[in-house]
Asker: 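Provided herewith is a single structure, encoded as structure tokens, for subsequent inquiry.
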Amino acid sequence: MAEQLGVKGYSIVTRVTRDPYKLMSRRGYKWFGILPVEIKGYEVHLWMTGSVSQWFSPGEKVRIILRDEPKKISGVWILGPRDYELYRIYGGDEIKVWPLWRKEYTLERRDPLNTSKVYEYRVIAREAESEDDYMEIVNLEQHHYASKEEIVAVWRCPICGRYMESNIQPICPKDGVPMKLQEIRGSLPSSRFLVLELLNRKPYEPRIVGYVRIDTPIPLMNRRLPDGRIEKMIREKVFPKEWFHPTYWPTAIKERRLIIARYKELREVYGRRLARVIVGEEVSEKALRIANSAAARIARVVVHPDYRGDGLGVLSVKAAVEWVRERRIPEMKKPKQVIETIAMMAKYNPFFEKAGFYYMWDTGSGRPVLMYPLTKEAEERIKNFLQTDPIARKHGGRLYRSRYGIVEKLNEEIKLVGVTKTYSSILDVKRLPPHLRDVLLAFGVEKRLVEKYVLRDVNITIKPGEVVAVIGASGAGKTTLLRMIIGAADKEQASNPHYRPTSGRVVVPGNTRIAYLLPGEAEPVFGSETLLEHVYSKLHDPGAAVEVLNMVGLSDAVFYRARYTELSTGQKERARLASLLAEKPNLLIIDEFTAHLDSLTAQRVARKLGKLVRSAGITLIVATNRPEVLSALNPDKIIYVGYGTASEAKH
């Protein structure tokens, strides 16, 4: 019988026999669905994700290419997820919809001077397929906007159907079984998810490092003018109306009164938030059938906090653009002309613009709208608008402008001239307990004066804007060298004997503005304030404060309102950097740089800092012994310290 339905390589144009939406289990619709089609007079169930099958209607034409023979299981003909290719036939085109889209990318991270590769990411960008994928999305979504008061997921018991909100998979209190993910809050039934899976990851690294959510365009868009007036239906003045309509819009269907009545009934049982989720399911079917636009919307881009600020956000957006263009996501019908995104974060982080998006206008509520042209016609319409609209002409399609800017560079060199620093200490066993004193006496130690040169006749010059690495064995004098420079630059430390040379002199420019970190000795002081408040207190500019947090990889609203004590070790390292940078120094000194970070995180932080200080004109001096950090920083100069000597060499 199987041979009658086709063998490997068999291709057939056929139709969808029944409504696949009604065959889906709503307890797992995103990652499992069925598309029933006719093959040689038999109904065959194509196993796929519900995120794809829900977009099909009975009677639609499709092309199927078999990779394996159909199998009869419990009286039903089945083609498993890897047994076929599927193409939707629409408007004379064949659009590939299965297998799901995937593409491998390599993202090289080069040193700040772009002279050599420091490390690279190998990732697979692909549509979310499994329940595990969506669990990972829930985890990442918590990093995006969740707080202790915000729940990002809705779950449903597979037995009793009870709903529950939780950020982790709950156990049904009635049936004692794990509940199934029902919805990621904020997403829509029409939402499609692209995940970035890390290929060359270490055992301790996450599998999924980011995701992009693609939706249909928002139903209506107005424009806020600089004087506060609202211009209605702005998109339709720039693009053809049919590019954005009909979109997924459940509340526009004629049964709206029944929906409201149903919502009120469920609200009494489940409360407002869960009632909205349940009603959303019940009206999705018709709304999905209606949606068919020539535009898509990037509704969310989330990158794992430990990988922020390293180019993965830009890569995510670029991959999403390819996915939308090739597969006509999310509806898989009309050719896509343009992608829109509405992103307040775009004011403070230019990753959309780096991916090729143009800033167009602000919505009526004041949120920036950016667009990416997928066709030549779309590009011409966007450029024409930016050139002819009086308001758009002023910004020219560009939104992000650095609020941090550059600093006033040191106006002279830093010079250490004949610097000598000696250390002396008296060892006396009399203060020890008798049983320990006897041990030292056995070695002939009773009282001794220890004197040594930590630095001896050191002559070093550091030019304005240089990145300098100080290396040497533990106890060799790296910290002492840094103290000598700090003591000359910071008036508060000028009288401290630890920060003054025994002989010689340290000359710093008159315009020096120093910020420094000596772990356990001199660190930024964090209180109970949030990170955003801490950085803002130094910069007095909310936009610049967000920008500085983004610079160090804390580009997330969660971190903006987090307290220092709530951060991980790596995040604290970045928070300290943000605090130092917020002082807008032109001389930055850091001891034990990245000492407590794993190798990969240390490379990311070092590369980012090296790039940042060079663009801002900051002179950077760091002490480190880690070769991977030196590679990522690519310092202009290395100072070798040890046995009282300190010598410089160009890197």
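Keep in mind that what you see is a predicted model, and the values were worked out from it rather than measured.
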Asker: Using only heavy-atom distances, determine whether the side chains of E129 and T49 contain a donor-acceptor pair under 3.5 Å.
Answerer: no
Asker: Below 6.0 angstrom between ring centroids: does that apply to F193 and W31?
Answerer: no
Asker: Donor-acceptor check, side chain of D133 to backbone of S130, threshold 3.5 angstrom: yes or no?
Answerer: yes
Asker: Cation over ring, R88 on F56, under 6.0 Å and within 45°?
Answerer: yes
Asker: With side chains defined as the heavy atoms from C-beta onward, is the minimum distance between L374 and Q337 less than 4.5 Å?
Answerer: no
Asker: Identify whether the distance between the nearest side-chain nitrogen and carboxylate oxygen of K383 and E379 falls below 4.0 Å.
Answerer: yes
Asker: Check for a donor-acceptor pair, side chain of T341 on one end and backbone N or O of I298 on the other, with a separation under 3.5 Å.
Answerer: yes
Asker: Between A392 and F385, what is the shortest heavy-atom contact and its length?
Answerer: CB-CE2, 3.6 Å
Asker: Testing the 3.5 Å rule here: is there a donor-acceptor pair between the side chains of R63 and S11?
Answerer: yes
Asker: May I have the step-by-step check of side-chain contact (heavy atoms from CB on, under 4.5 Å) for L315 and L196, ending in yes or no?
Answerer: CA-CA 9 Å; L315 177 63; L196 261 66; 4.3 Å; yes
Asker: Does E231 pair with R224 as a salt bridge, N-O distance under 4.0 Å?
Answerer: no
Asker: Pair D362, R367 - check side-chain contact (heavy atoms from CB on, under 4.5 Å), show working.
Answerer: CA-CA 5 Å; D362 287 349; R367 301 173 67 198; over 6 Å; no
Asker: Between E326 and W101, is any side-chain donor less than 3.5 angstrom from a side-chain acceptor?
Answerer: yes
Asker: Can you list the steps and then say if D389 with R223 is a side-chain contact (heavy atoms from CB on, under 4.5 Å)?
Answerer: CA-CA 13 Å; D389 182 84; R223 175 194 193 189; 2.6 Å; yes
Asker: Identify the two heavy atoms, one from G33 and one from S53, that lie closest to each other, and give their separation to 0.1 Å.
Answerer: CA-OG, 3.7 Å
Asker: Would one find more than 12 heavy atoms of other residues, nucleotides or ligands at under 6.0 Å from atom NZ of K237?
Answerer: yes
Asker: Could you check whether the rings of H395 and Y359 sit parallel, tilted or perpendicular, using 30° and 60° as the cut-offs?
Answerer: tilted
Asker: Has K40 got its NZ or CZ under 6.0 Å from the middle of the six-membered ring of Y10, at an angle within 45 degrees of the ring axis?
Answerer: yes
Asker: Rounded to the nearest 0.5 Å, what separates atom CG in L79 from atom CZ in R67?
Answerer: 11.5 Å
Asker: Got a donor-acceptor contact below 3.5 angstrom from the H245 side chain to the T247 backbone?
Answerer: no
Asker: Can you tell me how far the CH2 atom of W243 sits from the CD atom of E236, to the nearest 0.5 Å?
Answerer: 12.0 Å
Asker: State whether F244 and R235 meet the cation-pi test: NZ (Lys) or CZ (Arg) under 6.0 Å from the six-membered ring centroid, and within 45° of the perpendicular axis.
Answerer: yes
Asker: If you measure from CD1 on I12 to CD1 on I39, what distance do you get to the nearest 0.5 Å?
Answerer: 6.0 Å
Asker: Does any N or O in the side chain of Q169 come within less than 3.5 Å of the main-chain N or O of L181, such that one atom is a donor and the other an acceptor?
Answerer: no
Asker: Examine distances only and state if a side-chain atom of W155 and a backbone atom of S166 form a donor-acceptor pair shorter than 3.5 Å.
Answerer: yes
Asker: Return yes if a side-chain donor-acceptor contact under 3.5 Å exists between E136 and Y134, otherwise no.
Answerer: no
Asker: Can you confirm whether I73 is buried at CD1, in the sense that more than 12 heavy atoms of other residues, nucleotides or ligands lie under 6.0 Å from that atom?
Answerer: yes
Asker: Do the side-chain N and O atoms of S57 and R289 include a donor-acceptor pair separated by under 3.5 angstrom?
Answerer: yes
Asker: Would you call E104 and R122 a salt bridge, using N to O less than 4.0 angstrom?
Answerer: yes
Asker: Run the salt-bridge test on E127 and R327 with the 4.0 Å N-O cut-off and return the result as yes or no.
Answerer: no
Asker: Check this for me, if you would: do D93 and R328 make a salt bridge, where the nitrogen-to-carboxylate-oxygen distance has to be below 4.0 angstrom?
Answerer: yes
Asker: Counting only heavy atoms not in K334, do more than 12 fall under 6.0 Å of its NZ?
Answerer: yes
Asker: Strictly distance-based, threshold 3.5 Å: is any side-chain N or O of R192 a donor or acceptor partner for the main-chain N or O of P330?
Answerer: yes
Asker: Taking it one step at a time, do R201 and R207 satisfy side-chain contact (heavy atoms from CB on, under 4.5 Å)?
Answerer: CA-CA 8 Å; R201 67 183 185 275; R207 182 174 66 92; 3.9 Å; yes
Asker: Could you label the plane-to-plane angle of the F352 and F357 rings as parallel, tilted or perpendicular, counting under 30° as parallel and over 60° as perpendicular?
Answerer: perpendicular
Asker: Quiz question: by atom type and distance under 3.5 Å, do the side chains of E38 and T14 form a donor-acceptor pair?
Answerer: no
Asker: Would you give the length of the straight line joining atom OH of Y21 to atom CD1 of I34, rounded to the nearest 0.5 angstrom?
Answerer: 15.0 Å
Asker: Is a salt bridge present between E60 and R15, judged by a nitrogen-to-oxygen distance below 4.0 Å?
Answerer: no
Asker: First locate atom OH of Y400, then atom CG of N349, and finally report the distance between them rounded to the nearest 0.5 Å.
Answerer: 7.5 Å
Asker: Is any NZ, NE, NH1 or NH2 atom of the basic residue among D310 and R308 found under 4.0 Å from an Asp or Glu carboxylate oxygen of the other?
Answerer: no
Asker: Please check: side-chain N/O of Q387 versus main-chain N/O of G396, any donor-acceptor pairing under 3.5 Å?
Answerer: no
Asker: Can you measure from CD1 (I329) to CG (D215) and round to the nearest 0.5 angstrom?
Answerer: 12.0 Å
Asker: Is it true that T216 and E331 share a donor-acceptor pair across their side chains at a distance under 3.5 Å?
Answerer: no
Asker: Residues in ring pair (Phe, Tyr, Trp, His ring centres under 6.0 Å) with Y121, at least two apart?
Answerer: Y119
Asker: Would the distance check show the side chain of K336 and the main-chain N or O of V324 forming a donor-acceptor pair, the cut-off being under 3.5 Å?
Answerer: no
